[in-house]
Protein chains: 2
Amino acid sequence: MGITKTQIFTEQQNDLAQFFKVLGHPARVAILQYISNQNTCICNDLVEEIGLAQATISQHLKELKSIGLLKGEVEGKSMCYCINVERWTTIQNQLNVFFNTTKSNCC
Amino acid sequence: MGITKTQIFTEQQNDLAQFFKVLGHPARVAILQYISNQNTCICNDLVEEIGLAQATISQHLKELKSIGLLKGEVEGKSMCYCINVERWTTIQNQLNVFFNTTKSNCC
DNA sequence: AATTAACATCGTAATATTGCAATATATAAT
DNA sequence: ATTATATATTGCAATATTACGATGTTAATT
């Protein structure tokens, strides 16, 4: 097969895994860090900064947008991609709830 | 292609992405939650509880072990898989540092 | 209106992941 | 010693992901 059996898990488990999965690529970690360090955030900078082709960066940005972590606004002929701080904080909280409620142990 | 260009990222970025990636599958989230809720944690229970084949569960356990999140001890003819609380806390802290240092914004 | 610049999307090749049956291994029970 | 039980490993098929060139699209510039 090769297809994840989403149906056998809870919505919470699938959502959590989805967040983790999107963050689970170094290019996407790097993109978030770079955007966070800039005051202007334009996609073309990312291509030079990260060192992947423009099409590839665009694809990674799309995935970060898919879970609401980034929002992009058209700014002339460029794009201004920003971190959605509200969403960012919400996800951080959800991950912390997961970590805090899942660390008990038997041995 | 199809191969992640690990060399162009920092070790920190690759490590972070690796943690996220391992947690980025609902079966692995479910396994961690189940183990955390049990006092005894035996692999065979997991097969029935999660609903994936024994070989598949074994594979997921291996990945969780690969980043040190689980430790397994032989207990008779069963295995006792436990969460490595120390490692768990370390990773949680690293993720929080990432979240806290990466949420500034421009718009 | 043609051109340029900045992305986005499509198509595709290479590689990775998911899942399982079959098989191997290791221990407990008989 | 043989058998049963629990888990790991191997091999493989199906699907997903990564990456990029080529091509669309949109908006500013000329």
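Remember, it's a predicted structure, so these values are computed and weren't measured experimentally. Below, all heavy atoms of this structure are taken into account, side chains as well, without hydrogens, waters or symmetry copies. Letters A, B, ... are given to chains in the order of the sequence lines, protein chains preceding strands, and every chain is numbered from 1.
- At least one side-chain nitrogen or oxygen of Y81(B) sits closer than 4.0 Å to the OP1 or OP2 atom of dA8(D).
- Aromatic ring orientation, H25(A) versus H60(A): tilted (interplanar angle from 30° to 60°).
- Using a 4.0 Å cut-off, some side-chain N or O of N44(B) falls inside it from OP1 or OP2 of dT7(D).
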Output side-chain donor-acceptor pairs under 3.5 Å for residues 48-56 of chain A, partner residues at least two apart or in another chain, one line each.
none

Give every donor-acceptor pair under 3.5 Å between a side-chain atom in residues 86-101 of chain B and any protein atom, sequence neighbours left out.
unit_1: R87(B); atom_1: NE; unit_2: I67(B); atom_2: O; d: 2.8
unit_1: R87(B); atom_1: NH2; unit_2: I67(B); atom_2: O; d: 3.3
unit_1: W88(B); atom_1: NE1; unit_2: F99(A); atom_2: O; d: 2.9
unit_1: T89(B); atom_1: OG1; unit_2: V85(B); atom_2: O; d: 2.9
unit_1: T90(B); atom_1: OG1; unit_2: E86(B); atom_2: O; d: 3.0
unit_1: Q92(B); atom_1: NE2; unit_2: N96(A); atom_2: OD1; d: 3.0
unit_1: Q92(B); atom_1: NE2; unit_2: N100(A); atom_2: OD1; d: 3.0
unit_1: N93(B); atom_1: ND2; unit_2: T89(B); atom_2: O; d: 3.4
unit_1: N96(B); atom_1: OD1; unit_2: Q92(A); atom_2: NE2; d: 3.0
unit_1: N96(B); atom_1: OD1; unit_2: N96(A); atom_2: ND2; d: 2.9
unit_1: N96(B); atom_1: ND2; unit_2: N96(A); atom_2: OD1; d: 2.9
unit_1: N96(B); atom_1: ND2; unit_2: Q92(B); atom_2: O; d: 3.4
unit_1: N100(B); atom_1: OD1; unit_2: Q92(A); atom_2: NE2; d: 3.0
unit_1: N100(B); atom_1: ND2; unit_2: N96(B); atom_2: O; d: 3.1
unit_1: T101(B); atom_1: OG1; unit_2: V97(B); atom_2: O; d: 2.8
unit_1: T101(B); atom_1: OG1; unit_2: F98(B); atom_2: O; d: 3.4

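- Across the protein-nucleic acid pair, E75(A) atom CD and dA5(C) atom C1' stand 15 Å apart, rounded to whole Å.
- Listed pair K21(A) / dT17(D) meets the phosphate criterion, a side-chain N or O lying under 4.0 Å from OP1 or OP2.
- Near-neighbour residues of DNA chain D inside residues 13-20 of chain B, defined by a heavy atom below 4.0 Å, are absent.
- In the interface, the side chain of Q59(A) is not paired with the base of dA8(C) through any donor and acceptor atom under 3.5 Å apart.
- Using a 4.0 Å heavy-atom distance criterion, E63(B) is classed as a sugar-phosphate-only contact.
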Stepwise side-chain hydrogen bond (donor to acceptor under 3.5 Å, both in side chains) check, E75(B) with S78(B): CA-CA 5 Å; E75(B) 200 167 85; S78(B) 302; over 6 Å; no

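- Residue H60(B) has no polar side-chain atom (N or O) positioned under 4.0 Å from OP1 or OP2 of dT17(C).
- In the set dA6(D), dT15(C), dA19(D), the nucleotide with an atom closest to the side chain of K5(B) is dA19(D).
- Between T56(A) and the phosphate of dC20(D), there is a side-chain N or O to OP1/OP2 separation shorter than 4.0 Å.
- At dC7(C), none of the side-chain N or O atoms of S58(A) fall inside 4.0 Å of OP1 or OP2 (strictly under the cut-off).
- Taking the side chain as every heavy atom from C-beta outward, I83(A) and L69(A) never approach each other to under 4.5 Å.
- The CZ-P distance, from R28(B) to dG19(C), rounds to 9 Å in whole Å.
- Closest approach to the H25(B) side chain among dC20(C), dA8(D), dT18(C) is made by dT18(C) (side chain taken as heavy atoms from C-beta onward).
- A55(A) comes within 4.0 angstrom of a base, heavy atoms only.
- Judged by atom type and distance alone, Q54(A) does not reach the base of dA6(C) through any side-chain donor-acceptor pair under 3.5 Å.
- For dT25(D), neither phosphate oxygen OP1 nor OP2 lies less than 4.0 angstrom from any side-chain nitrogen or oxygen of K77(A).
- Rounded to an integer number of Å, the gap from M79(A) CE to dA28(D) C1' is 16 Å.
- Using a 4.0 Å heavy-atom cutoff across all strands shown, L52(A) reaches sugar-phosphate atoms only and no base atom.
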